[in-house]
Chemist: 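Before I ask anything, let me first share the structure, which is written out below as structure tokens.
Residues: numbered from 1 along the sequence shown. Note that ligands are numbered from 1 as they come in the structure, with each ligand's atoms numbered from 1 the same way.
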Amino acid sequence: MTKVTHMEQHYPPSVFRKKNIGFSGSVKEETRLAEGKNIRFALDAARSIAKETKTEAILERLIALVMKNAGAEKVAVLLVENQDVWVRAFIDQRAKVKQILQNERFDNRSVDLPASIINYVLRAQQPLILEDTAKSGFFFSDPYIANRAAASVLCMPVFNKSTCAGVLYLEKAVVLGEWTENMVRVLDVLLGQAIASMENTKLYDALDFEKKQQQEVRKEVDTHKYTIKRMSAELAMTEERERRNIADDLHDSVTQNLALSVLDLKKMAMGVENEQKKRIDILQDRLNTAVHQIRSLTFQLSPKILYDFGLIAALEWLADDISEKHGIEVSIVNKLMLPERLLQLDETTNITLYRAVRELLINVCKHSGGDLAIVALWGEGNLFFISVTDNGKGLMNKELSAKRGAAGFGLASIQERIEALDGRVEIDEQRRQGFSVTINIPLDVNSRRQS
Ligand SMILES: Nc1ncnc2c1ncn2[C@@H]1O[C@H](COP(=O)(O)OP(=O)(O)OP(=O)(O)O)[C@@H](O)[C@H]1O
Ligand SMILES: [Mg+2]
């Protein structure tokens, strides 16, 4: 015979109360009033528990309400977690002990709580009332009960949905008839609310944790993005320096040698006549063309004018070069209200903007079908703007931004390099005619980088 059935046979039915206790059909007026008061109390109390969002606060409030409602001197909330029973709250007014949210596994040899009663309620899953432990029969063999002054005990299961999630243990000095059915009912409501609130807290905590993790991942992605941007900017500048070295070498050695050879040929031509002179002249022309070609190549490799005279001078040269080579008209419209030197753009910014405008102008030649491009420069607040607009067929594919980088490398690379300078690139996608790209660079970031 199990202990539960054994006890159910040996104790009067009033000791054991089923979880779903119903009101009887014919209740007296006072009883009804008391029930109404109890229900109001239970609802208010449950609402006040529901407001709490931290497990500790939920338990604190539950204990305070239980003590107020049941007048208990000892209260314990034990919860089943991971197949073990944990004492989550324990208050003993006589011993002046208060432990909320403690992590103590319930021990059958506990000197603070009667293991026999707690284990019984956990198994039977129904409330147990002992109005006087001195007359508790079976439970009297529990050393906790045997070694203590007589007390009244109410121990009831805590349900999470339909599963038994723990027990509430209450104890006070013997006052017969104090533990009523209504009280058990109210406590049942409070425990139900507390368990639901604690479950919610777990969900909130899990959500919070997930949010924090997402933030961490986002931060990491941002850091990687920033590193990639910085590296790509550094790579671009290394390439630029390399180009400049090659351009300098070409200028200082090859072009100079060719120029000296032209001078030598000129001298040679003075001492010879007719056929030989003609051949020397042809050689001279060829060498001059080579010098011209190498100069142009040197310029494309690295625009010396940019380093010597600044961005606007370099853009003017570029406009002429593109007009001459590709047959489109390129105008520079300078709306800057201050001289270029006061802009104080650093070398990286200058070269990046120059390369961006060059790519945009080459795009005009390749894709626009137009014959005019305008390069405009202006300032607005702390931003330096530069735009390239043409009179061509414009943006044929309205989803260019999505396609950027897939069609070609030019626009994507401009964007990457400008963003590495904390700037922005905008394509005017609403434009009805022509193609227009505007770049802006914050000037304070630029001067910070220089210092
Ligand atoms: N001025 C323009 N007018 C019309 N369409 C343009 C213009 N500039 C760019 N585009 C469109 O945008 C696309 C992307 O340009 P992007 O410079 O990125 O690549 P690309 O010029 O095709 O190749 P790459 O620059 O790598 O040599 C082009 O293929 C073209 O369809
Ligand atoms: Mg391009």
Chemist: Hey, is ligand 1 close enough to Lys393 that some N/O pair sits below 3.5 Å?
Modeler: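 The answer is no, given that Lys393 and ligand 1 share no N or O pair closer than 3.5 Å.
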Chemist: Run the ring pair (Phe, Tyr, Trp, His ring centres under 6.0 Å) check on Phe384 and Trp378 step by step: do they pass?
Modeler: CA-CA 6 Å; Phe384 171 59; Trp378 72 100; 8.6 Å; no
Chemist: Is the number of heavy atoms from other residues, nucleotides or ligands within 6.0 Å of CZ (Arg355) greater than 12?
Modeler: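 Count over threshold, so yes.
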Chemist: Within the side chain of Lys266, is there an N or O that forms a donor-acceptor pair under 3.5 Å with the backbone of Asp281?
Modeler: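 Not a single qualifying donor-acceptor pair exists.
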Chemist: Looking only at side-chain N and O atoms, does Glu234 offer a donor or acceptor that is under 3.5 Å from a partner on Thr238?
Modeler: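 No, no side-chain donor-acceptor contact under 3.5 Å.
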Chemist: Examine ligand 1 and decide if any of its atoms is less than 4.0 Å from a heavy atom belonging to Gly394.
Modeler: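 Yes, Gly394 has heavy atoms under 4.0 Å from ligand 1.
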Chemist: Do Leu411 and ligand 1 have an N or O pair less than 3.5 Å apart?
Modeler: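 Checking ligand 1 against Leu411, an N or O pair does fall under 3.5 Å apart.
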Chemist: For the side chain of Asn160 and the backbone of Ile195, is there at least one donor-acceptor N/O pair under 3.5 Å apart?
Modeler: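 Pair absent, no side-chain N/O of Asn160 close to backbone of Ile195.
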Chemist: Keeping the roles fixed (side chain from Gln433, backbone from Asn391), state whether a donor-acceptor pair exists under 3.5 Å.
Modeler: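 Yes, the answer is positive, given that a donor and an acceptor are paired below the 3.5 Å cut-off.
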Chemist: Using a strict cut-off of 4.0 Å, indicate which atoms of ligand 1 neighbour a heavy atom of Ser368.
Modeler: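 Listed by number with element: 1 (N), 3 (N).
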Chemist: Just checking Arg109: does its CZ atom have more than 12 heavy atoms from other residues, nucleotides or ligands closer to it than 6.0 angstrom?
Modeler: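 Count not over threshold, so no.
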Chemist: So what's near the Mg ion (ligand 2), protein N, O or S atoms under 2.8 Å?
Modeler: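 Protein N, O or S atoms closer than 2.8 Å to the Mg ion (ligand 2): Glu359 OE2, Asn363 OD1.
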Chemist: Counting heavy atoms only, which part of Phe409 comes closer than 4.0 Å to ligand 1: side chain, backbone, both or neither?
Modeler: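 Both the backbone and the side chain of Phe409 come within reach of ligand 1.
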Chemist: Hey, mind stepping through Arg88 and Glu104 against salt bridge (Lys or Arg N to Asp or Glu O under 4.0 Å) and telling me if it holds?
Modeler: CA-CA 7 Å; Arg88 287 296 183 217; Glu104 194 183 306; over 6 Å; no
Chemist: Report yes if Ala412 has an N/O atom closer than 3.5 Å to an N/O atom of ligand 1; otherwise report no.
Modeler: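 No; every N/O pair is 3.5 Å or more apart.
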Chemist: Can you tell which part of Ile362 has a heavy atom less than 4.0 Å from ligand 1: side chain, backbone, both or neither?
Modeler: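 Neither; nothing of Ile362 gets under 4.0 Å from ligand 1.
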Chemist: Looking at Tyr307, I want to see if its OH is surrounded by more than 12 non-hydrogen atoms of other residues, nucleotides or ligands under 6.0 Å.
Modeler: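 Yes - once you tally the heavy atoms of other residues, nucleotides and ligands closer than 6.0 Å, there are more than 12.
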